[in-house]
Amino acid sequence: MRVHNFGAGPSTLPLAVLEQVRDELIDYHGSGMSILETSHRGPRYDRVHRRAIENLRELLGGADNHTVLFMAGGARTQFSAAPMNLLADGGRAAYVTTGRWSEMALEAAARYGDATEVWTSRESGYDRVPAPGELEIDPGAAYLHYTSNNTIRGTQFHHVPAVGDTPLVCDMSSDILSRPVALAPFGVIYAGAQKNLGPAGVTIVLVRKDLLERSPEDLPETLSYAAMAAKNSLLNTPPVFAIYVVGLVLRYLHESGGLAAAERRNRRKAELLYRAIDESDDFYRGHARPADRSWMNVAFRLPTEDLERRFLVDAEAVGMVGLKGHRSVGGIRASLYNALERSSVEALTGFMDEFQKTRG
Ligand SMILES: *Cc1c(COP(=O)(O)O)cnc(C)c1O
């Protein structure tokens with residue numbers, strides 16, 4: 001029996017993909033071995049690698065001006081890799097701080113170059129993101145970095161910041177491919193796979209091709225966008241299993257109607273849960289300012305921490321797991337990534353209603 005998995009990452013995967021992985025595991029396409037045991041330099045893995053990239057490009061409508069990289073070290077490594085590649089010639093980077101992950105990205109960048117915080121919602125407990133037009137543009141900046149979805153506090157950009165010709169560098173770890181995205185303003189997009197795309201172990205990085213020139217010669221090769229691009233991410237042994245599963249998830253997403261359909265499903269799931277919160281007479285209280293509510297991570301509180309503990313225990317008893325808020329903030333957090341079914345959200349809202357009636 002599978003549970004309703006609201007975990008923030010690693011998180012639920014499409015059942016159809018897990019079943020395919022299981023079916024192909026021992027004997028991959030008649031090779032007599034699993035993909036885990038296959039050379040990353042051979043034709044079998046080569047097909048897996050190329051198809052994963054093709055599927056990603058297809059979902060993104062081509063992405064012809066960007067190179068697709070598979071890198072290791074998680075999104076956390078990109079906090080450093082982005083400034084190491086893009087700020088080596090000097091120049092300054094602008095950072096929008098909307099939560100703990102973007103704080104960490106800024107701290108990392110400040111170790112490698114001139115990185116300045118240009119906007120933050122720290123004072124209000126990261127309950128919001130800048131409104132369209134609110135960011136001041138620094139036309140001389142090498143790039144502007146932001147986190148499209150704050151996984152911990154549950155806020156999300158529902159627009160792409162307009163900053164003129166300054167390339168955007170975006171940490172999309174927790175909402176990549178949850179909705180369509182126009183790539184033109186983005187210099188770099190990076191995302192750890194383990195939230196919306198697959199298992200942990202691989203980071204998807206899209207780099208606008210003209211920016212590859214900025215990678216300095218003296219970077220460790222596996223951190224250099226230019227060196228990784230030159231070898232199509234096969235500079236060293238890539239995380240083959242993670243890339244294989246990501247490829248299956250991408251194909252599944254494509255076959256389920258692509259990003260426009262994913263957006264519709266995700267929006268409906270989020271609306272269902274926020275409605276339950278808003279109609280609870282303040283028993284459940286959402287953290288984010290309504291305009292900036294995340295469709296991926298819904299963070300809310302109950303009247304007391306005692307009730308929150310009770311809520312988590314009772315939820316688990318009926319097969320709903322992963323609802324504990326991030327350890328730094330507490331409360332409840334339900335993550336509604338692409339692969340989470342609407343029926344799981346319906347089960348949760350039903351449970352919330354029942355919990356309030358019996359314990360409220
Ligand atoms: C989870 C997360 C990270 C950290 O990802 P790792 O792959 O564990 O390094 C970074 N940024 C955001 C927005 C996240 O949600």
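Fair warning: this is a prediction, and the values are worked out from it, not measured in the lab.
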Salt-bridge contact [X]-[Y] (side-chain N to carboxylate O under 4.0 Å):
{"X": "D282", "Y": "R285", "result": "no"}
{"X": "K195", "Y": "D175", "result": "no"}
{"X": "D64", "Y": "R57", "result": "no"}
{"X": "R342", "Y": "E346", "result": "yes"}
{"X": "E117", "Y": "R122", "result": "yes"}
{"X": "D278", "Y": "R293", "result": "yes"}

Do the side chain of [X] and the main chain of [Y] share a donor and acceptor less than 3.5 angstrom apart?
{"X": "T120", "Y": "T97", "result": "yes"}
{"X": "N85", "Y": "L223", "result": "yes"}
{"X": "T116", "Y": "V118", "result": "no"}
{"X": "T147", "Y": "N150", "result": "no"}
{"X": "S11", "Y": "A8", "result": "no"}
{"X": "S344", "Y": "L340", "result": "no"}
{"X": "D292", "Y": "T155", "result": "no"}
{"X": "S294", "Y": "V298", "result": "no"}
{"X": "S256", "Y": "Y252", "result": "yes"}
{"X": "S39", "Y": "R41", "result": "yes"}

A side-chain contact here means heavy atoms from C-beta on lying under 4.5 Å apart; do [X] and [Y] qualify?
{"X": "I204", "Y": "Y190", "result": "no"}
{"X": "L219", "Y": "E221", "result": "no"}
{"X": "Y274", "Y": "E271", "result": "no"}
{"X": "Y28", "Y": "E37", "result": "no"}
{"X": "S80", "Y": "R111", "result": "yes"}
{"X": "V249", "Y": "P14", "result": "yes"}
{"X": "L177", "Y": "L259", "result": "yes"}
{"X": "D353", "Y": "F351", "result": "no"}

For [X] against [Y], the heavy-atom pair lying closest together:
{"X": "T203", "Y": "G73", "answer": "OG1-C, 4.4 Å"}
{"X": "L323", "Y": "L348", "answer": "CD1-CD1, 4.1 Å"}
{"X": "S215", "Y": "A226", "answer": "OG-N, 3.3 Å"}
{"X": "L272", "Y": "T349", "answer": "O-CG2, 3.9 Å"}
{"X": "V160", "Y": "P185", "answer": "CG1-CG, 4.0 Å"}
{"X": "Y244", "Y": "V21", "answer": "OH-CA, 3.6 Å"}

Same apolar cluster (I L V M F W Y, side chains within < 4.5 Å links), [X]/[Y]:
{"X": "V181", "Y": "M296", "answer": "no"}
{"X": "L206", "Y": "F186", "answer": "yes"}
{"X": "V202", "Y": "L60", "answer": "yes"}

Item to complete: Indicate the ring-plane relationship of Y95 and H145, choosing parallel, tilted or perpendicular according to the 30° and 60° boundaries.
Response: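 Ring orientation, 0 to 90° scale: parallel.
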Are more than 12 heavy atoms from other residues, nucleotides or ligands located less than 6.0 Å from atom [atom1] of [X]?
{"X": "L36", "atom1": "CG", "result": "yes"}
{"X": "K209", "atom1": "NZ", "result": "yes"}
{"X": "E136", "atom1": "CD", "result": "no"}

Worksheet item: When you look at E54 and R47, which way does the salt bridge (charged side-chain N to carboxylate O under 4.0 Å, His left out) test go after all the steps?
Response: CA-CA 10 Å; E54 278 163 21; R47 243 185 333 268; over 6 Å; no
Item to complete: Measure the spacing between CG of L56 and CZ of R51 and express it to the nearest 0.5 Å.
Response: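 Taking CG in L56 and CZ in R51, the distance rounds to 15.5 Å.
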Worksheet item: Taking atom CZ of R100 and atom OG of S328, what is their separation to the nearest 0.5 Å?
Response: 8.5 Å
Discussion item. Walk me through whether S31 and H29 qualify under side chain to side chain donor-acceptor pair (under 3.5 Å).
Written reply: CA-CA 6 Å; S31 63; H29 294 205; over 6 Å; no
Worksheet entry | CA sep, side-chain torsions, deciding dist, call: H40, Y45, ring-ring contact (aromatic ring centres under 6.0 Å, His included) | CA-CA 5 Å; H40 64 292; Y45 178 71; 7.2 Å; no
Item to complete: Could you tell me which residues satisfy ring-ring contact (aromatic ring centres under 6.0 Å, His included) with H158, sequence neighbours excluded, listed by chain and number?
Response: W295
Practice prompt. State which residue, out of K324, R333, R301, fulfils the salt bridge (Lys or Arg N to Asp or Glu O under 4.0 Å) condition with E308.
Written response: R301
Practice prompt. Any chance you could lay out the side chain to side chain contact (heavy atoms under 4.5 Å, CB included) test for L336 and N266, step after step, and finish with the verdict?
Written response: CA-CA 7 Å; L336 316 180; N266 288 327; 5.9 Å; no
Discussion item. Test salt bridge (charged side-chain N to carboxylate O under 4.0 Å, His left out) on R76 and D171; report intermediate values, then the result.
Written reply: CA-CA 10 Å; R76 184 82 177 246; D171 177 358; over 6 Å; no
Worksheet item: Between the side chains of S174 and T151, is a donor N or O closer than 3.5 angstrom to an acceptor N or O?
Response: yes
Worksheet item: Is there a donor-acceptor contact under 3.5 Å linking the side chains of N297 and S335?
Response: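 S335 and N297 do have a side-chain donor-acceptor pair below 3.5 Å.
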Worksheet item: Under the side chain to side chain contact (heavy atoms under 4.5 Å, CB included) criterion, do M352 and F283 qualify, and how do the steps go?
Response: CA-CA 10 Å; M352 287 166 66; F283 183 74; over 6 Å; no
Worksheet item: Do F70 and H49 pass the ring-ring contact (aromatic ring centres under 6.0 Å, His included) test, and can you show the C-alpha distance, the side-chain angles, and the key distance before you say yes or no?
Response: CA-CA 9 Å; F70 296 128; H49 195 88; 5.4 Å; yes
Item to complete: Walk me through it: do R179 and Q156 pass the test side chain to side chain contact (heavy atoms under 4.5 Å, CB included)?
Response: CA-CA 12 Å; R179 56 189 176 183; Q156 187 177 24; 3.6 Å; yes
Discussion item. Exactly one of R153, E103, H287 should register a side-chain hydrogen bond (donor to acceptor under 3.5 Å, both in side chains) with Y126. Which one does?
Written reply: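 One option only clears the test, and that one is E103.
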Item to complete: In sequence, state the C-alpha distance, the side-chain angles, and the governing distance for Y112 and F79, and then conclude on side chain to side chain contact (heavy atoms under 4.5 Å, CB included).
Response: CA-CA 10 Å; Y112 302 103; F79 294 170; over 6 Å; no
Item to complete: Determine, stepwise, if the pair R128 / E134 fulfils salt bridge (charged side-chain N to carboxylate O under 4.0 Å, His left out).
Response: CA-CA 12 Å; R128 59 186 292 246; E134 195 180 331; 3.0 Å; yes
